[in-house]
Each structure stands twice: as C-alpha cells, then as structure tokens.
Amino acid sequence: MKSKFSEESIDFIKDHINDDPAEIMLQSRKFPELPMRDIVVQIASRQKAKDKLPEWFGNYDLILPPKQNLEQASSEISAKFKARFVEGDSLVDLTGGTGVDTFYLSRKMRSTVYVEPNEELCGASKHNFEVLGVNIEVQNSTAEDMLNQNTVQSDWIFIDPSRRDDSQNRVYALEDCEPNVIELEEQLLNSAKNVLIKASPMLDIKKTLQQFSSCYKVQVVAVDNEVKELLLYLRKDNEGEADIEAWNISDKRDEEQFSFKYSEEEASDFNIGEPIRYIYEPNAALMKAGAYKLLSSEFGVLKLHPNTHLYTSDELIENFPGKKLLIKEVFKPSKKEIKKRVKNDTVNVIVRNYPMGANEIKKKFGLKDGGEEFLIFCELEGVGLRAILCERV
C-alpha cells in the first residue's frame with residue numbers, strides 16, 4: 001500500500017529531513033501546491049524516529065504520528081524486547097497509540113487487536129499496519145468501553161496508560177494516568193490470562209507491588225544504561241512473590257540481566273571494605289531495581305559503605321552487570337589534589353552517597369566531562385568522603 005502523500009511531498013520530506021521544522025513552516029507559502037502542515041509534522045516525527053524507530057524511519061510509505069505521541073511510544077529495541085516475553089494466540093493492545101508496540105507484539109500472535117480512542121491515530125495505524133503487511137484489527141474505542149462490553153477475551157492484554165493529564169502535564173503515578181489501571185485491575189484479569197502494563201521508570205516498584213497483588217514479575221528495562229520503562233506482568237490468582245528483573249539492553253553491546261526477589265535482598269548479607277584494585281558501578285536498571293546487598297554476596301565483592309552502592313574486589317569480576325573500573329588512586333577531594341591528577345580538567349564524574357551532585361562538583365572543582373578517566377566522589381566506611389581516580393577496564 002502506498003503512502004497518502006504524493007511523490008512530490010515525499011521528495012520534499014526526504015530533501016528537508018535534517019532541516020528545522022519551524023523554519024520550514026515559516027517558508028510554507030513558497031510551496032502552495034504541497035500540504036505543508038502535514039509535511040512538517042512528518043519531518044519533525046521522522047527526526048524523532050531516526051534513532052528511536054530505525055525500521056520505520058526509512059519507510060516513507062508510513063505515516064508517523066505527531067512528535068508528542070512518539071515521545072511515550074516505545075523505541076524499536078524496547079518494543080522488540082517486550083515481544084520476547086509475550087506468546088500465545090491472541091493479544092489486545094488497549095492503548096494502541098502509535099502502534100509501535102502493537103506491531104512488534106503482533107509478530108508473536110495469531111490475532112491482534114489495536115484499540116485507540118483517537119480517530120486520527122487509528123487511521124494512521126490502520127494505514128501503517130497495511131503498509132507493514134500485518135493483520136491487526138483496529139478498533140476506535142476506549143480501553144474502558146472495550147472492557148465494559150466484555151468483548152475482550154485473550155491470552156494477553158497490553159496496556160500503556162497515557163502519562164499526560166487533561167492539561168497535558170506529565171504524570172507518572174498509575175492512579176494519575178489514563179486509563180487508571182489500578183481501578184481496572186479486576187476487569188483486566190477477567191479479560192485475559194496475562195496482563196502486561198508499561199509504566200513510567202519513575203514509579204516506586206515496592207509501592208506498585210502493594211497496589212497489585214496479581215503482579216508476578218517486574219522488569220526494569222534500561223537501554224544503553226538509561227532506564228526507559230517498567231513492565232508489570234499480572235495474572236489472576238497469583239500468590240507468589242514477584243520476580244524482579246533488571247535488564248540493560250543495547251544494540252551496540254551485550255545485554256546485562258540480573259533477577260532476584262525483594263525477600264532475598266532483605267535477607268542478604270554483605271561485607272564492607274576499602275577500595276582494593278577494581279571498582280564496580282551497577283548499571284542503571286540494577287540501581288532502579290534496588291539489588292544493593294545481593295550484588296555483594298552474588299559476585300563476591302565488597303561494598304564501600306552501607307549507603308554507597310559501589311563495590312570493589314582484588315580480582316576482576318568480568319560478568320558484573322555494570323561499569324568495571326581499574327583504581328589508580330584514592331585521595332581526599334580538594335581542588336589542589338584534583339588539579340594534580342586530572343589532565344586538562346577533563347574527566348568523567350561519578351557521584352555516589354556524597355553531599356554534592358555531579359554538576360555542583362564540576363562547577364566547584366572546574367571540571368568538564370570527557371576523556372578516558374573517571375573520578376568517583378563517594379563516602380567510604382570509617383574513612384569519610386573520598387575521590388577515586390579510575391580508568392575503564
């Protein structure tokens with residue numbers, strides 16, 4: 001199926017794909033024969049999609065949704081990640097939106113239904129699914145109406161509540177999102193064998209587990225060490241404690257994964273020690289998941305301080321899920337001592353359990369990011385505040 005845009009419009013989009021959309025709009029009177037408002041939306045959206053959705057970016061027959069809708073949409077890598085854990089005959093996406101998750105999840109299903117109250121998004125997604133060659137039924141409806149009609153009976157329900165309120169302000173608590181999945185929990189569980197909720201990385205995981213006794217698994221998903229989303233897996237009659245999975249995924253390097261339960265973290269012992277030869281910074285997914293004590297016992301490393309989530313060892317632990325650094329020197333942080341050791345005032349600053357933030361430290365000591373070395377500011381047990389100069393292993 002061809003694009004709704006003419007060849008002339010597509011050529012214009014291709015020719016101006018790197019230009020400022022606002023500037024293009026100011027010049028729109030020069031091109032009265034072209035639908036410039038729609039074209040500018042496509043240029044802005046494709047600029048957003050270039051890294052986020054590379055498979056879609058280069059397909060000019062697709063209609064990309066407005067940039068704001070793309071902001072909450074999953075990236076290609078995270079959508080494909082979700083599809084790894086969802087299998088069955090049928091799936092209903094109750095908050096279809098841009099259709100990105102629906103498209104990738106549908107690859108694991110015999111039948112998929114996309115539900116979306118916005119008529120314009122429905123039309124674009126219907127067109128895109130046809131272009132992409134996937135058989136996905138499009139329903140212009142709200143999640144609540146679909147559930148109330150009792151027509152949803154599937155192996156999986158996927159739901160990604162909108163994280164903007166009526167005034168378009170950002171929200172992240174599930175009770176503030178639309179639809180309110182906490183209120184819909186019973187209906188969701190009566191309509192599918194499994195429910196997958198995509199939530200903001202800002203959520204408090206332990207509080208969320210208290211809200212959902214049906215949650216049997218939480219995945220903290222980071223892409224290239226930046227936490228992008230929390231995935232909550234629900235099923236009816238769940239009685240066990242939820243598994244917590246910390247994933248750091250990437251299309252540039254090997255992924256890292258660590259699983260645990262909060263009861264294991266609470267019961268875990270850890271040993272404290274001063275920096276030895278190597279130092280380890282857990283990846284962002286682990287830091288969000290909160291497996292602080294377990295890492296010490298699981299990998300045989302010492303913690304620098306009960307509240308400093310950095311670890312050390314004499315022998316290199318190659319499979320530690322995070323940054324692995326070789327210690328060069330440990331010293332008291334002062335401008336004079338830092339100037340002696342940091343060339344050109346350029347170093348990568350890491351802060352853990354320290355009374356100042358990274359930007360404040362850089363301003364105070366005249367440092368700028370870059371180079372091959374790392375300078376860690378932290379508190380050591382029984383020693384106090386220290387700076388640790390390191391280089392990547």
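Between Q257 and S259, the side chains place a donor N or O and an acceptor N or O closer than 3.5 Å (distance only, hydrogens not considered). Side chains of E137 and S111: no donor on one and acceptor on the other come within 3.5 Å. In this model, no donor atom of one side chain and acceptor atom of the other lie less than 3.5 Å apart for T308 and E379. At a cut-off of 3.5 Å, with distance as the only test, no side-chain donor of Y233 or D243 sits close to an acceptor on the other residue. Under the 3.5 Å distance criterion, with hydrogens and angles disregarded, a donor-acceptor pair is assigned to the side chains of K30 and Q27. A donor-acceptor pair shorter than 3.5 Å can be found between the side chains of K82 and S74. E360 and Y354 are not linked by any side-chain donor-acceptor pair at a separation below 3.5 angstrom, with hydrogens and angles left out of the test. Using a 3.5 Å distance cut-off with no hydrogens or angles, the side chains of N271 and K303 do not pair a donor with an acceptor. A side-chain donor-acceptor contact under 3.5 Å links E256 and N283.
Within 6.0 Å of atom CD in E329, more than 12 heavy atoms from other residues, nucleotides or ligands are found, so the atom counts as buried in its surroundings. In this structure, E186 places its CD atom where only 12 or fewer heavy-atom neighbours from other residues, nucleotides or ligands lie under 6.0 Å away. Counting non-hydrogen atoms of other residues, nucleotides and ligands closer than 6.0 Å to CD of E119 gives a total of 12 or fewer. Environment of CG in D369: crowded, with over 12 heavy atoms of neighbouring residues, nucleotides or ligands closer than 6.0 Å. Within a 6.0 Å sphere centred on CG of N135, other residues, nucleotides and ligands contribute 12 heavy atoms or fewer. Counting non-hydrogen atoms of other residues, nucleotides and ligands closer than 6.0 Å to NZ of K363 gives a total of 12 or fewer. When the shell of 6.0 Å around NZ of K336 is examined, it contains 12 or fewer heavy atoms from other residues, nucleotides or ligands. For E33, the CD atom counts as densely surrounded, since its 6.0 Å shell holds more than 12 non-hydrogen atoms of other residues, nucleotides or ligands.
The pair K293-E266 does not meet the salt-bridge criterion, since no charged nitrogen lies less than 4.0 angstrom from a carboxylate oxygen. Taking a cutoff of 4.0 Å between a charged side-chain nitrogen and a carboxylate oxygen, R277 and D314 do not qualify as a salt bridge. The pair K261-E264 does not count as a salt bridge, with every side-chain nitrogen at least 4.0 angstrom from each carboxylate oxygen. With salt bridges taken as basic N to acidic carboxylate O contacts below 4.0 Å, none links D51 and K48. Using a cutoff of 4.0 Å between basic side-chain nitrogens and carboxylate oxygens, K80 and E55 are scored as salt-bridged.
If you look at W247 and F85, their ring centroids are closer than 6.0 Å. Between Y114 and F129, the distance separating the two ring centers is shorter than 6.0 angstrom.
Two residues are said to be in side-chain contact when any heavy atoms from C-beta on lie closer than 4.5 Å; S200 and E229 fail this criterion. Looking only at side-chain heavy atoms (C-beta outward), I338 and L367 come within less than 4.5 Å of each other. Counting only heavy atoms from C-beta outward, the side chains of E226 and V223 never approach each other to under 4.5 Å. Considering only heavy atoms from C-beta on, R253 comes within 4.5 Å of D224 through its side chain. Using a 4.5 Å cut-off on side-chain heavy atoms (C-beta onward), L188 and N190 make no contact. When side chains are defined from C-beta on, I388 does not count as touching L325, because their heavy atoms never get closer than 4.5 Å. The side-chain heavy atoms of Y278 and E315, taken from C-beta on, include no pair separated by under 4.5 Å. When side chains are defined from C-beta on, L53 does not count as touching S75, because their heavy atoms never get closer than 4.5 Å.
Using modelled atom types, no side-chain atom of K198 and backbone atom of L232 make a donor-acceptor pair closer than 3.5 Å. In this structure a side-chain-to-backbone donor-acceptor pair under 3.5 Å is missing from K193 to G88. Proximity of a side-chain donor or acceptor of S125 to a complementary backbone N or O of L121 within less than 3.5 Å is detected. Using modelled atom types, no side-chain atom of S141 and backbone atom of Q139 make a donor-acceptor pair closer than 3.5 Å. Between the side chain of S45 and the main chain of Q42, no donor-acceptor pair closer than 3.5 Å is present.
Judged by the 6.0 Å and 45° rule, K14 forms a cation-pi pair with Y60. Cation-pi contact between K324 and Y280: absent, since separation from the ring centre below 6.0 Å together with deviation from the ring axis within 45° is not met. Annotation: cation-pi geometry not satisfied between R163 and Y172 (NZ/CZ under 6.0 angstrom from ring centroid, within 45° of ring axis).
Between E274 atom CD and T312 atom OG1 the span is 10.0 Å, to the nearest 0.5 Å. Between the NZ atom of K228 and the CD1 atom of I77 there is a distance of 10.5 Å, given to the nearest 0.5 Å. Going from atom CD1 of I279 over to atom NZ of K323 covers 11.5 Å, rounded to the nearest 0.5 Å. Note that the NZ atom of K108 and the CG atom of L91 stand 11.0 Å from one another [nearest 0.5 Å]. Between the CZ atom in R386 and the CG atom in L304 there is a gap of 12.5 Å [rounded to 0.5 Å]. Note that CD1 of I182 and OG1 of T208 are 7.5 Å apart. Values are rounded to the nearest 0.5 Å.
The same ILVMFWY cluster, assembled from side-chain heavy atoms under 4.5 Å apart, contains both V181 and V92. Both M287 and L230 are assigned to one and the same hydrophobic cluster, defined by single-linkage of ILVMFWY side chains at heavy-atom distances under 4.5 Å. Linking Ile, Leu, Val, Met, Phe, Trp and Tyr whenever their side-chain heavy atoms come within less than 4.5 Å puts V86 and I249 in one cluster. Taken together through direct or relayed side-chain contacts under 4.5 Å among Ile, Leu, Val, Met, Phe, Trp and Tyr, F31 and I24 form part of one hydrophobic cluster. F377 and L380 sit in two unconnected hydrophobic clusters of ILVMFWY residues. Membership requires side-chain heavy atoms under 4.5 Å apart, directly or through other members.
Judged as a side chain to side chain donor-acceptor pair (under 3.5 Å), the pairs with a partner in residues 85-97 (not counting sequence neighbours) are, in order, D89-R110, D93-T102.
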Q187/N148 under side-chain hydrogen bond (donor to acceptor under 3.5 Å, both in side chains): CA gap, chis, key distance, verdict: CA-CA 8 Å; Q187 280 183 284; N148 289 335; 2.9 Å; yes
Chi angles and distances behind the side-chain hydrogen bond (donor to acceptor under 3.5 Å, both in side chains) call for E241, S263: CA-CA 8 Å; E241 182 184 357; S263 61; 2.7 Å; yes
Stepwise ring-ring contact (aromatic ring centres under 6.0 Å, His included) test for Y311 and F299: CA-CA 10 Å; Y311 307 81; F299 293 95; 9.0 Å; no
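The aromatic rings of F260 and F258 sit tilted relative to each other, their planes meeting at an angle between 30° and 60°.
Of the listed residues (R341, K343, R392, K328), just one forms a salt bridge (Lys or Arg N to Asp or Glu O under 4.0 Å) with E373, and that residue is K328.
Nearest heavy atom pair, residue A242 against residue L209, reads CB-CD2, 3.8 Å. For N238 against C215, the heavy-atom pair with the smallest separation is ND2-O, 3.3 Å. For the residue pair N194 and Y216, the shortest heavy atom distance occurs at OD1-OH, 3.0 Å. Of all the heavy atoms in L64 and A49, the pair that sits closest is CD1-CB, 3.8 Å.
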